[in-house]
Amino acid sequence: PLPDGPLFHLRFSQDPYEVMARHGHVPLPPYITHEANADDLERYQTVVAKNPGAVAAPTAGLHFDQATLDKIMAKGVNYTTLTLHVGAGTFTPVRTEDLSEHKMHSEWFSIPAETQELIKKTKLTGGKVIAVGTTSLRALESSAAFNIQEGETKLFITPGYEFKVIDQLITNFHLPCSTLPMLVSAFAGVEPIRKAYDHAIQQQYRFFSYGDAMLLTRQ
């Protein structure tokens, strides 16, 4: 296989999902130091997970279980789902001073027609569209930017990007030097994000996959 930056493309002689199910283990992030166990198989997965293909869980969704979603809907809030297969490129450090030289690896997304209709109805009635996780945000913004409902995206969101769909974002605290702090800074503003991270550090919030979350409003 040919290298793609720090990544490689592999070709399997049989169904890769069957091979991974037999020989693999839950791909926990490197900062989780224990070996993956049966608890992680259930815990490192969102309650709405459906289609295999992501290299990591969309961790903002780990804050929700079915009971929580039921309570939210009981208050009149609608929720719907989409798919974005998180790729390893999401966690690749940005090593260039010039952001235009950073290469984003593509991620596959699909947005069902019913999801699109609910978002359109929400916008028309003056409601807010709240993305749970940067994956949901990136899929919806990619769909709007390229006018497609399904396909590969290399959308790199940095400060100055004009958001077209999302009004608020629920997200965890991210790895430094990755593309995700840039995304949330583009969404909420560089200075508000800096203050949020300073507060989280001072108050000893938990970071990363099993950590705490914040609710951001688009600036």
Side-chain angles (χ1 to χ4, degrees), residues 29 44-66 68-73 75 77-91 104-123 127-159 161-175 178-188 193 196 207-219:
Y44 193 61
Q45 189 62 276
T46 67
V47 68
V48 297
K50 182 179 179 181
N51 303 311
V55 303
T59 53
L62 298 178
H63 297 282
F64 297 85
D65 56 18
Q66 192 57 54
T68 302
L69 292 175
D70 290 342
K71 289 178 182 178
I72 290 172
M73 287 189 291
K75 292 179 178 292
V77 177
N78 293 310
Y79 92 89
T80 185
T81 61
L82 53 77
T83 298
L84 184 139
H85 289 325
V86 180
T90 296
F91 310 104
M104 288 288 288
H105 294 275
S106 63
E107 296 177 316
W108 185 86
F109 74 92
S110 177
I111 302 173
E114 56 267 27
T115 298
Q116 292 177 298
E117 286 302 313
L118 183 56
I119 290 172
K120 187 183 299 182
K121 179 181 177 182
T122 301
K123 290 287 192 181
K128 289 185 173 65
V129 176
I130 304 171
V132 178
T134 55
T135 49
S136 299
L137 181 148
R138 192 155 179 258
L140 289 168
E141 291 295 330
S142 295
S143 175
F146 305 117
N147 196 30
I148 57 174
Q149 279 64 61
E150 182 176 296
E152 300 278 342
T153 178
K154 291 186 176 181
L155 182 63
F156 183 16
I157 297 177
T158 58
Y161 175 85
E162 294 186 9
F163 291 86
K164 302 167 182 64
V165 182
I166 305 302
D167 299 301
Q168 291 183 309
L169 170 66
I170 297 172
T171 184
N172 285 24
F173 293 87
H174 302 291
L175 284 167
S178 69
T179 61
L180 298 178
M182 298 181 199
L183 185 153
V184 296
S185 295
F187 187 78
I193 289 298
F207 276 42
F208 312 146
S209 293
Y210 286 149
D212 296 307
M214 52 186 167
L215 174 64
L216 302 175
T217 298
R218 187 181 70 201
Q219 297 296 305

Quick one: side-chain hydrogen bond (donor to acceptor under 3.5 Å, both in side chains) partners of [X], sequence neighbours excluded?
{"X": "Lys123", "answer": "Asp167"}
{"X": "Glu152", "answer": "Ser106"}
{"X": "Asn147", "answer": "none"}
{"X": "Asn51", "answer": "Thr83"}

Phe187 side chain near Thr134 side chain, heavy-atom distance below 4.5 Å: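 With C-beta onward as the side chain, the pair stays apart.
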Look only at the side chain of Ser185 and the backbone of Pro181, and say whether a donor-acceptor pair between them is shorter than 3.5 Å. yes
Between Thr122 (side chain only) and Leu118 (backbone N and O only), is there a donor and an acceptor less than 3.5 Å apart?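 Such a contact is found between Thr122 side chain and Leu118 backbone.
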Tell me, please, which residues at least two apart from [X] pass side-chain contact (heavy atoms from CB on, under 4.5 Å).
{"X": "Val165", "result": "Ile119, Val129, Leu140, Glu141, Ala144"}
{"X": "Val48", "result": "Thr46, Leu69, Tyr79, Thr81"}
{"X": "Glu117", "result": "Lys120"}
{"X": "Ser142", "result": "Phe109, Arg138, Phe146, Thr153, Leu155"}

In terms of side-chain heavy atoms, does Thr115 have a donor or acceptor partner in Thr80 at a distance below 3.5 Å?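 Side chains of Thr115 and Thr80: pair found under 3.5 Å.
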Nearest 0.5 angstrom please: [X] [atom1] to [Y] [atom2], how far?
{"X": "Gln116", "Y": "Ile111", "atom1": "CD", "atom2": "CD1", "result": "6.0 Å"}
{"X": "Leu82", "Y": "Leu137", "atom1": "CG", "atom2": "CG", "result": "10.0 Å"}
{"X": "Phe64", "Y": "Ile170", "atom1": "CZ", "atom2": "CD1", "result": "4.0 Å"}
{"X": "Glu162", "Y": "Ile157", "atom1": "CD", "atom2": "CD1", "result": "12.5 Å"}

Using a cut-off of 6.0 Å, state whether more than 12 heavy atoms not belonging to Lys71 lie near its atom NZ. no
Could I get the full list of ring-ring contact (aromatic ring centres under 6.0 Å, His included) partners for His174, not counting sequence neighbours? none
Residues which pass ring-ring contact (aromatic ring centres under 6.0 Å, His included) with Phe208, listed by chain and number, not counting sequence neighbours: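 Result, ring-ring contact (aromatic ring centres under 6.0 Å, His included) vs Phe208: Tyr31.
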Could you check whether the rings of Phe207 and Phe173 sit parallel, tilted or perpendicular, using 30° and 60° as the cut-offs? parallel
Which heavy atom of Ile193 sits nearest a heavy atom of Ala188, and at what distance?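 So the minimum-distance heavy-atom pair works out to CD1-CB, 4.0 Å.
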Minimum heavy-atom distance between Leu62 and Ser209, given as atom pair plus value: CD1-O, 3.7 Å
With a 3.5 Å cut-off and sequence neighbours excluded, list the donor-acceptor pairs that the side chains of residues 210-219 form with protein atoms.
from, atom 1, to, atom 2, distance (Å)
Tyr210, OH, Asp40, OD1, 3.3
Asp212, OD1, Arg206, NH2, 2.9
Asp212, OD2, Arg206, N, 2.8
Thr217, OG1, Gln168, NE2, 3.0
Arg218, NH1, Ile166, O, 2.9
Gln219, NE2, Thr217, O, 3.4

